[in-house]
Trainee: 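One structure follows; several queries about it will come next.
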Protein chains: 2
Amino acid sequence: MALGDAILACLTERPMTGYELAKTFDSSIGFFWKADHQQIYRELSKLRDRGYIQGREVVQSGKPNKLIYTLTPEGRTALRHWAARPSTPPSIKDDLLVRLHALDSIDIEPIRTDLMDRLEHHRDRHENYERILKKRFPEGTASDVLDLGNLLLLRLGARHEQMVADFCEEALEALSTMSGKAIVLPIEDSKREGKG
Amino acid sequence: MALGDAILACLTERPMTGYELAKTFDSSIGFFWKADHQQIYRELSKLRDRGYIQGREVVQSGKPNKLIYTLTPEGRTALRHWAARPSTPPSIKDDLLVRLHALDSIDIEPIRTDLMDRLEHHRDRHENYERILKKRFPEGTASDVLDLGNLLLLRLGARHEQMVADFCEEALEALSTMSGKAIVLPIEDSKREGKG
DNA sequence: ACCCCATATGCACATTGACGCATATGCGTC
DNA sequence: GACGCATATGCGTCAATGTGCATATGGGGT
């Protein structure tokens, strides 16, 4: 139950509604973990059933009533126990890498445009991280433990995006150099072997 | 159907049995994409039903008969069409990052040991990539398009592991510096607020 | 008046993934 | 001879995830 723990982790900051959590998973923690509102509401129900969070209904007019969820002591304990277990290193699982693995059996042009799009995407994200870093940590140091975690997170994010962006650039360059030597395949559906 | 396409991509190299594919997903492409043999066999059935691959049974004695799967022209086309679609940038989704996000609500010691384990893990993987790179690409250049893809892949893997390893080191250092200032919480299940 | 957007929650279905178990047999080891 | 291991394929179940749809309403644009 990884998403559940991510939600518990978010609720340590402050009590939130499912809607607010969904927005959080679209910005701060969402840089590392994607989850849409459906997943979040479903997980919230489970966490409530287990007694890890408590919902307080707030009656509103003009809008549907909202449910503000707060961590219970049991929830805090559960989070601590989860956090005390070793983490599992994830795989990268990027389709782009699968495409590169079969580079000689696919069309190069779409890969080039894809790489260019990805380059832009990762550059944007990198700039975003750097902007937040400069704003939140102009000194580059954290004052307390909470800040330290977020500082480290932002730094990792920034470096990751930078690295992938660099990779895209390099891949594009390499493809340009290669395209002179390699046979550029015309787009046809019936493709025979002959690669020589 | 991402795993299916990863399997098709593997079969462009050479025809393989499910067993061989499972081994492949435990080494080369498996550095980026994890899949156990169950997933692979299930996906192979689907791909066969769709006519993307063809199974040829080879009778064996002493071992169960094996099914060697070959890409059909339809399969090649499907792979090319899939590869022509833009890729979707994945999220990092690492539990360690969730732990760091809630660093002030959890116990530091388990995180330290976790970070040390992860440091070792990522260093090992980094060395592994570097070793393969030196062996397969001593010149650092690729001769054809297939090699280029694999060279790029290995380079990305190496850099990624290096980056995460550096991150772990930095996080450990930061936690050491911080531990002087921060209150080290004793391990108790009933935890009150008071963080001052 | 109509439509889209933001707020706020949720169900249903399909796909994907993780984990255990089952089958069949030869080979080496304790 | 019992046990684990490598080879080789597959079923069943459950958790996690992804996608579409449903509900309810006030406010702003056209």
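Predicted model, so just to flag it, every value in this text is computed and none were measured. Chain letters run A, B, ... following the sequence lines, proteins first and then strands; every chain starts at 1.
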Trainee: Who passes side chain to side chain donor-acceptor pair (under 3.5 Å) against A:Asn128, sequence neighbours left out?
Mentor: A:Arg131
Trainee: In the structure shown, which nucleotide is the Watson-Crick or G-U wobble counterpart of D:dG20, with both distances under 3.5 Å?
Mentor: C:dC11
Trainee: Between P on D:dT13 and CG on B:Asp36, what's the gap in Å once rounded to a whole number?
Mentor: 17 Å
Trainee: Using a heavy-atom distance cut-off of less than 4.0 Å, which residues of residues 14-34 of chain A contact DNA chain C?
Mentor: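 The answer is A:Thr17, A:Gly18, A:Tyr19.
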Trainee: Taking only side-chain N and O atoms of A:Lys93, does any of them lie within less than 4.0 angstrom of OP1 or OP2 on C:dG17?
Mentor: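 It does, given that an N or O in the side chain of A:Lys93 lies less than 4.0 Å from OP1 or OP2 of C:dG17.
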Trainee: Could you tell me the separation between the CD atom of A:Gln38 and the P atom of D:dA15, rounded to a whole number of Å?
Mentor: 20 Å
Trainee: Considering non-hydrogen atoms only, spot the tightest contact between B:His126 and B:Ala158 and give its length.
Mentor: CD2-O, 3.0 Å
Trainee: Rounded to whole Å, please give me the gap between CG in A:Asp49 and P in D:dA15.
Mentor: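 To the nearest whole Å, that distance equals 13 Å.
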Trainee: Take the protein atom CD of B:Glu57 and the nucleotide atom C1' of D:dT7, then report the distance between them rounded to whole Å.
Mentor: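 It is 15 Å, rounded to the nearest whole Å.
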Trainee: Whole-Å distance between D:dG10 C1' and B:Lys46 NZ?
Mentor: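 One finds 15 Å between C1' of D:dG10 and NZ of B:Lys46, rounded.
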Trainee: Starting from P on D:dA16, measure out to CD on B:Gln39 and report it in whole angstrom.
Mentor: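 Going from B:Gln39 (CD) to D:dA16 (P), I get 15 Å.
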Trainee: Using whole Å, what does the distance between atom C1' of nucleotide C:dG10 and atom CZ of A:Arg48 come to?
Mentor: 11 Å
Trainee: Closest-nucleotide mapping onto DNA chain D: is B:Leu67 or A:Ala35 further toward the 5' terminus? I mean the 5' end.
Mentor: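 Nearest-nucleotide comparison on DNA chain D picks B:Leu67.
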Trainee: Any N or O donor-acceptor pair under 3.5 Å from the base of D:dG12 to the side chain of B:Arg42?
Mentor: no
Trainee: Tell me whether A:Arg56 contacts the main-chain N or O of A:Ile68 through its side chain, where contact means a donor paired with an acceptor under 3.5 Å.
Mentor: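 Judged by distance alone, no pair lies under 3.5 Å.
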Trainee: Rounded to whole Å, please give me the gap between CG in A:Leu3 and C1' in D:dC14.
Mentor: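 It works out to 17 Å between those atoms.
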Trainee: Please check the phosphate of C:dT9 (OP1 and OP2 only) for any side-chain N or O of A:Tyr41 closer than 4.0 Å.
Mentor: yes
Trainee: Go through the structure and list residues passing side chain to side chain donor-acceptor pair (under 3.5 Å) with A:Glu74, not counting sequence neighbours.
Mentor: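 Partners of A:Glu74 by the side chain to side chain donor-acceptor pair (under 3.5 Å) criterion, ordered by chain and then number, come out as A:Thr72.
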Trainee: According to the ring-ring contact (aromatic ring centres under 6.0 Å, His included) rule, which pairs have a member within residues 134-168 of chain B, sequence neighbours left out?
Mentor: none
Trainee: Show every salt bridge (charged side-chain N to carboxylate O under 4.0 Å, His left out) that has at least one partner inside residues 10-31 of chain A, sequence neighbours left out.
Mentor: A:Arg14-A:Glu20
Trainee: In chain order, what residues pass the salt bridge (charged side-chain N to carboxylate O under 4.0 Å, His left out) check against B:Asp94, with sequence neighbours excluded?
Mentor: B:Arg118
